Amino acid sequence: MSPEEGRTWPEGFMDDRSAPDARFPDGRGPESPGVPGDELTAVLHRAVHQAAHRLHAVAAAVYLLTPDGGELRAAVIGGSPPSVLTLPGRMGLDSPYASARALAGRCVAFLAEPDPLSEPEHGALAYPYTVVSVPLEAEGHRFGSLTVLRTEDRGGYSDADCRGLTRIGDRLAVLLAGLHARGATIAPGSLPVLVPVFGTEPPDAAGAQAAVRGVPGVPGSAGMTLLYALQRLTEMLNRATTMEHVVGAAEFCVVAPMRATALVLASAAEGRLWVLGHSGDSSDLVSELHGGALHTGTPAARAMRGRALFVPGSPRPPSTGRLPDAAPGAPSSGVPRDGAGDGPHAAAYLPLVGSGHVVDLPMAGAAPVVGVCCLSFDGPRTFPPEERAVLTMMAGLLGAAVQRIRLGAARQMLAEGMQRRLLPAVLPEAPRLPTTARYRPAQAACGAGGDWYDVITMPDDRVMLVIGDVEGHTLESAAVMGQLRTSVAAYAAEGHGPAALLERTDRLLSRLGTELLATCCVVAVDTETGVAEVALAGHPAPLARLSDGTVRPLRAPANVPLGLHGRTPYRSQEHTLAPGTVLALYSDGVHEPDHDVGARLDAGGRGAGADLEILADRLLADTPGRRDDAALLLARYEGADDSAAPRTARFHVHRRDLRAVRAARGFVHECLCDWGLADLSDDLELITSELVTNALIHAGSDVDLRLRAFGDRVRLEVRDADSDPPVPTAYSLTDEGSARAEHGRGLYLVDALAHTWNTSPSGRGKTVWLELDIPGAGAAARPTVE
């Protein structure tokens, strides 16, 4: 017995050939807001069931007008998955859907231009269904429309099909009019009722190689399996936060179920395709897609214009006689550049965009194509209509996830970039007080942070060291940080001491109209006497590492944070620094409850010696967490004895001024000759040429050089605005590998000639620094840095 046998139907639908009859048994089912009554649902279900079987459709639906008559909504959808999910849930009366046009024109309507394919030999339709709809009108009332979907391989709708659907629609309209006359509400529910209609599953075509097969003889098994993969992909993409997560979800829910061998996700920028992620045996696809021009006729380029292409491949060997494993786009490739499908391997090129057919909410414009998903298969295969429908829906989900992650990354880069621009580009040179700084954004931050640092030289021999932290991780935090840093610098330039400086900054913050609080630490160091005046505004006290390795805090009254507007004046405390003392000012991101900064400063300074750059790198590297921004400012007091101070010289190169490379070499040569170190000139000039050239080409910013000569070594620092570290690239014997290595070879010269070198990120870029030993100056006694 079939599932439909023995069921009681309204009289008008007892037989497909029966005459319309509006009589109903007494009593109506209960109704509640947004839920059709039982009797109405039964009438609509029977109509959907008959329409699906009469027209050999995979799905049928009844759309009813909303109570205000403003739009059509699906009331009952019946059929087999996944076709039932491709029907829109709502539509305006003036929309191009067949259901809306049938009601508006009071005639049989077909889907207008069902995703027309101008070159059918180059692929297959992304929306693999044909649609026909008839209006539901009776006794002067307009109720909605009756719509059916059929797979494209069954051809168009004949006159007999249209007459049969019209008869079913007319009978349904009469029954709905009878219900309306008896006081029933003829309106759709909040959500359509989905019911399976057995026997509507599309049969497997001869020779079809569907990747997903259900249990033989079990209706709906294959479709439900496809929906399982679709639902899992939705759930995984909702939790995806990186492109690696998206690729992993696609590998599990798309590549594996469809039995693909490779997956590549690519996006478009500057007229070209760029690979975002890939999986499987994807080297050929990656080489074909990465950097490919969008104006070409490649399948991927056409998919970026919104056209999904399914290339079935061919079981015949390539006619050119070339090897079948040629690269994509070659004459023998299974992924031909012209999309002709004459290669041995099948492929699918899916635009990463939501379905253009199912749009339940009116949008301002067409959904943008954010990228393309490319699938490659081992050998030829067909793409049954239901698989194409699911792949199109999956591509829409992938597109939304890719767009969300890219927009989030762009916002994060914008926020971090804005904050970095608010930090000092270069720390000023302070006599007898060399400094260095680090800034590292939090990994989990969703916006800009409020950490900042600054070094301000005073008109006298004092140097002001400042570090602060505005609460929050928002653009407002970064904006307030920029205002506070400017005000602190202005008050310091007027000659105010640390306590007076904090008081004036607190009053300024009250006039900015923000509720954010800020902490701050200010240390004014007199480089002539070694006196350090410390003032705090709710900030951790700075640490001092003495020349013997002892670490102690420079204590001062804690005071209240900036923004509380307390009446108690800010107070400071003075300390006297011994020569060789290293000061460490830091924000909360450097401090961890179980990893004391003082202990890390003690441990990190043992092997770093007097090198602030190495010490700063070690302090941040030892920070176990990244829950907050981290700002670090180090300074070393060298004492008032100028004879022990290093000789220092600076040189500035303007961006894109490649001729300045020669001037930079001349600057190094002159300095070394003046300092009696001409023997180091050749090596250091060569290194300078490489580093300055790399900075001008890759950073695209101004470049600062600082040359310092100590008693036993010479130090060169090259600063630019690009925070990405330089990466040495190995030599290659191939032309392609040689081209990739062209810009990384200079670092091998640096590594070969320098005693030690490294790269250090700063607030607005990085510093590549290196040191050369001065021959005969006792460099062997200096500890080697691991």
Side-chain angles (χ1 to χ4, degrees), residues 126 229-230 232-258 260-296 298-311 327-329 335 337 347-355 367-377 391-417 443 446 723-724 727 736 740:
L230 182 65
R232 280 295 180 268
L233 180 64
T234 303
E235 183 180 356
M236 295 175 69
L237 291 181
N238 283 340
R239 299 197 304 265
T241 58
T242 65
M243 207 61 66
E244 289 76 13
H245 294 163
V246 173
V247 173
E251 184 177 11
F252 178 74
C253 301
V254 182
V255 175
M258 298 298 172
T261 58
L263 163 80
V264 174
L265 298 178
S267 65
E270 301 178 351
R272 294 187 177 274
L273 284 170
W274 306 103
V275 172
L276 299 174
H278 56 92
S279 174
D281 187 12
S282 55
S283 58
D284 288 344
L285 271 178
V286 170
S287 61
E288 175 201 3
L289 296 176
H290 197 61
L294 291 177
H295 65 271
T296 61
T298 61
R302 293 213 302 273
M304 279 297 302
R305 301 166 198 156
R307 164 68 60 211
L309 296 177
F310 298 90
V311 182
V335 187
R337 289 195 181 275
Y349 298 84
L350 309 169
L352 296 181
V353 62
S355 173
V369 180
V370 300
V372 60
C373 172
C374 303
L375 295 171
S376 178
F377 300 87
L391 282 173
T392 302
M393 289 187 280
M394 287 178 167
L397 297 175
L398 289 171
V402 167
Q403 187 177 35
R404 171 173 54 84
I405 291 174
R406 293 185 65 194
L407 287 176
R411 286 194 296 266
Q412 183 67 18
M413 290 180 61
L414 177 62
E416 291 182 5
Q443 286 181 335
C446 57
S723 58
D724 293 332
V727 179
E736 180 181 1
R740 288 197 303 265

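Since the model is a prediction, treat every value here as computed from it, not as a measurement.
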- Here the gap from Thr296 atom OG1 to Arg302 atom CZ, rounded to the nearest 0.5 Å, amounts to 9.5 Å
- With no hydrogens and no angle check, is any side-chain donor or acceptor of Thr261 less than 3.5 Å from a backbone partner on Ser376? yes
- Item | Side-chain heavy atoms of Cys373 within contact of Leu263, under 4.5 Å | yes
- Task: Take Leu289 and Trp274, measure what side chain to side chain contact (heavy atoms under 4.5 Å, CB included) needs, and give me the verdict at the end.
- Result: CA-CA 7 Å; Leu289 296 176; Trp274 306 103; over 6 Å; no
- Item | Contact summary for Ala256 and Phe252, nearest pair of heavy atoms | CB-O, 3.8 Å
- Query: Looking only at heavy atoms, what is the nearest atom pair of Ala303 and Pro351, with distance?
  - Reply: O-CB, 3.1 Å
- Message: Could you check whether any side-chain heavy atom of Cys253 comes within less than 4.5 Å of a side-chain heavy atom of Met236, counting everything from C-beta outward?
- Response: yes
- Task: Please lay out, stage by stage, how Met243 and Val402 fare under the test side chain to side chain contact (heavy atoms under 4.5 Å, CB included).
- Result: CA-CA 7 Å; Met243 207 61 66; Val402 167; 4.0 Å; yes
- Which heavy-atom pair separates Ala401 from Leu237 by the least distance, and what is that distance? CB-CD2, 4.0 Å
- Nearest atoms (heavy-atom pairs only) where Leu352 meets Ala266: CD1-O, 4.3 Å
- Identified side chain to side chain contact (heavy atoms under 4.5 Å, CB included) counterpart of Leu350 within the set Leu398, Leu391, Val254: Leu391
- Task: Apply side chain to side chain contact (heavy atoms under 4.5 Å, CB included) to the pair Ile405 and Thr242, showing each step before the final yes or no.
- Result: CA-CA 6 Å; Ile405 291 174; Thr242 65; 5.6 Å; no
- Query: Do you know the tightest heavy-atom contact between Leu273 and Ala300?
  - Reply: CD1-CB, 3.8 Å
- Nearest 0.5 Å, what's the CD-CG distance between Glu244 and Leu276? 10.0 Å
- Task: Any chance you could measure Phe310, atom CZ, to Thr392, atom OG1, to the nearest 0.5 Å?
- Result: 4.5 Å
- Message: Treating Ser282 as the side-chain partner and His278 as the backbone partner, does any N or O pair qualify as donor plus acceptor under 3.5 Å?
- Response: no
- Query: Just by distance, do the side chain of His290 and the backbone of Val275 share a donor-acceptor pair under 3.5 Å?
  - Reply: yes
- Query: Arg404 side chain to Thr241 main-chain N or O, any donor-acceptor pair under 3.5 Å?
  - Reply: no
- Compare every heavy atom of Leu294 with every heavy atom of Ala268, then report the nearest pair and how far apart it is. CB-CD1, 3.6 Å
- Message: Strictly distance-based, threshold 3.5 Å: is any side-chain N or O of Thr234 a donor or acceptor partner for the main-chain N or O of Leu230?
- Response: yes
- Message: Quick one: does any side-chain atom of Arg239 pair with a main-chain N or O of His245 as donor and acceptor, under 3.5 Å?
- Response: no
